[in-house]
S.K.: 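Take a look at the following structure, please.
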Amino acid sequence: MWLYLVALVGLYYLVRWHRERQVVSHLRDKYVLITGCGSGFGNLLARQLDMRGLRVLAACRTEKAAEQLRAQSSDRLETVTLDIAKTESITAATQWVKERVGDRGLWGLVNNAGISGPWGHNEWLTKEDFVTTLNVNLLGTIEVTLSLLPLVRKARGRVVNVSSVAGRLSAVGGGYSISKYGVEAFSDSLRRELAPFGVKVAIIEPGSFKTNMNNTERLLRQVQEGWDRARPEIKEVYDEKFLASYLKLLSENIFSRCNKNLSEVTDCMEHALTACHPRTRYSAGWDAKLFYLPMSYMPTFLADTILTRGLPRLAKAL
């Protein structure tokens with residue numbers, strides 16, 4: 001019995017391995033737009049796909065970042081400035097893309113641009129802090145996608161949305177996890193709606209990687225700023241001792257463990273764009289595969305116990 005089961009599982013993975021190795025033809029004729037190419041995953045992916053021969057349209061928030069990327073790439077790669085939090089910027093970039101792809105349509109849209117915060121304990125934050133994050137990570141992603149969908153549909157192409165393990169498991173307060181849960185939901189509904197048109201939607205769920213978004217000093221400063229703006233009665237509940245212990249925990253045990261190999265994420269993105277049979281979801285990083293993903297399926301009480309273990313004790317905790 002067990003021998004048959006092992007053989008069946010082995011056959012399943014063999015068939016999946018074979019299917020996932022099949023590559024889309026005529027890649028050099030296909031256009032891919034990537035947002036957030038100024039640094040991090042987007043920057044590396046743009047250069048990676050450029051070397052692969054695809055026609056990369058790289059969107060950067062500033063012209064300076066665009067110039068630096070062009071200097072590191074071939075003449076085939078083109079750049080455009082895009083702030084996904086601004087409708088007028090998205091409209092202008094959409095027109096720019098239309099002029100370049102023409103009747104071929106847009107094979108790939110990679111929604112990579114995003115921000116990490118403001119974040120911290122929910123009580124330390126304001127509505128505006130949540131709005132800032134949601135406006136970029138979720139609403140900006142949605143608006144860019146809706147603006148470019150007609151071009152993607154024309155090419156029967158791909159939409160690749162960058163979520164996070166925080167879109168499966170909310171470990172800290174603030175708008176980041178909320179926005180990534182939203183990206184997951186948007187991607188799921190979009191995948192089902194676009195399937196009849198031959199368009200595939202993939203979700204990338206990275207673990208903790210060392211990018212500008214995870215800059216330790218900036219993230220610790222965001223937590224401190226949230227604390228500084230908190231109401232006096234909130235500070236009394238948590239107290240300064242808790243804050244100091246919390247910042248030390250973040251600095252020494254969380255931010256310091258970020259993976260520096262960004263290609264683990266960009267390889268997933270590239271596969272989602274170039275494979276004939278891309279996956280629906282890609283978990284990048286061992287922490288995503290072995291910790292966050294399994295924990296997202298655990299009973300709630302068990303996940304809560306694991307995530308809160310080791311946190312500083314509150315001044316007025318029961």
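Because only heavy atoms are used, hydrogens play no part in the values below, and waters and symmetry mates are left out as well, while side chains stay in. Along the sequence shown, residues carry numbers from 1. Just so you know, these numbers come straight off a predicted model, no measurement behind them.
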S.K.: Parallel, tilted or perpendicular, judged at 30° and 60°: which one describes the rings of Y246 and F242?
M.R.: parallel

S.K.: Using a strict threshold of under 4.0 Å (side-chain N to carboxylate O), is an ion pair present between R229 and D129?
M.R.: yes

S.K.: Rounded to the nearest 0.5 Å, how far apart are CG of D188 and CD of E193?
M.R.: 11.0 Å

S.K.: Should we say atom CZ of R19 is surrounded by more than 12 heavy atoms from elsewhere, each under 6.0 Å from it?
M.R.: no

S.K.: Within a radius of less than 6.0 Å around CG of D228, do more than 12 heavy atoms belonging to other residues, nucleotides or ligands occur?
M.R.: yes

S.K.: Just checking M298: does its CE atom have more than 12 heavy atoms from other residues, nucleotides or ligands closer to it than 6.0 angstrom?
M.R.: yes

S.K.: What's the separation between atom OG in S73 and atom CD in Q68, rounded to the nearest 0.5 Å?
M.R.: 11.5 Å

S.K.: Would you tell me whether N161 and S187 have side-chain atoms, one donor and one acceptor, within less than 3.5 Å of each other?
M.R.: yes

S.K.: Any side chain to side chain donor-acceptor pair (under 3.5 Å) involving residues 164-177? Give me the pairs, sequence neighbours left out, ordered by first then second residue.
M.R.: R168-E205, R168-Y297

S.K.: Does CZ in R16 sit with more than 12 non-hydrogen atoms of other residues, nucleotides or ligands closer than 6.0 Å?
M.R.: yes

S.K.: Does anything in residues 81-91 form a side chain to side chain donor-acceptor pair (under 3.5 Å)? List the pairs, not counting sequence neighbours.
M.R.: T87-E143

S.K.: Scan the side chains in residues 282-290 for donor-acceptor partners under 3.5 Å anywhere in the protein, sequence neighbours excluded, and list what turns up.
M.R.:
residue	atom	partner	partner atom	Å
Y282	OH	H271	ND1	2.8
Y282	OH	R279	N	2.9
D287	OD2	S208	N	2.9
K289	NZ	S283	O	2.8

S.K.: Could you tell me which non-hydrogen atom of F209 sits nearest to which non-hydrogen atom of N261, and how far apart they are?
M.R.: CE2-O, 3.3 Å

S.K.: State the OG1-CG distance between T79 and L57, to the nearest 0.5 angstrom.
M.R.: 9.5 Å

S.K.: Can you tell whether the side chains of R281 and E184 come within less than 4.0 Å, N to carboxylate O?
M.R.: yes

S.K.: Does the pair D50/R70 count as a salt bridge with the N-to-O cut at 4.0 Å?
M.R.: no

S.K.: For the CH2 atom of W119 and the CH2 atom of W124, what is their distance to the nearest 0.5 Å?
M.R.: 9.5 Å

S.K.: Name the residue from V162, N137, I204, T145 that meets the side chain to side chain contact (heavy atoms under 4.5 Å, CB included) definition with N111.
M.R.: T145

S.K.: If every non-hydrogen atom of T35 is compared with every non-hydrogen atom of N112, which pair is closest and at what distance?
M.R.: OG1-N, 2.9 Å

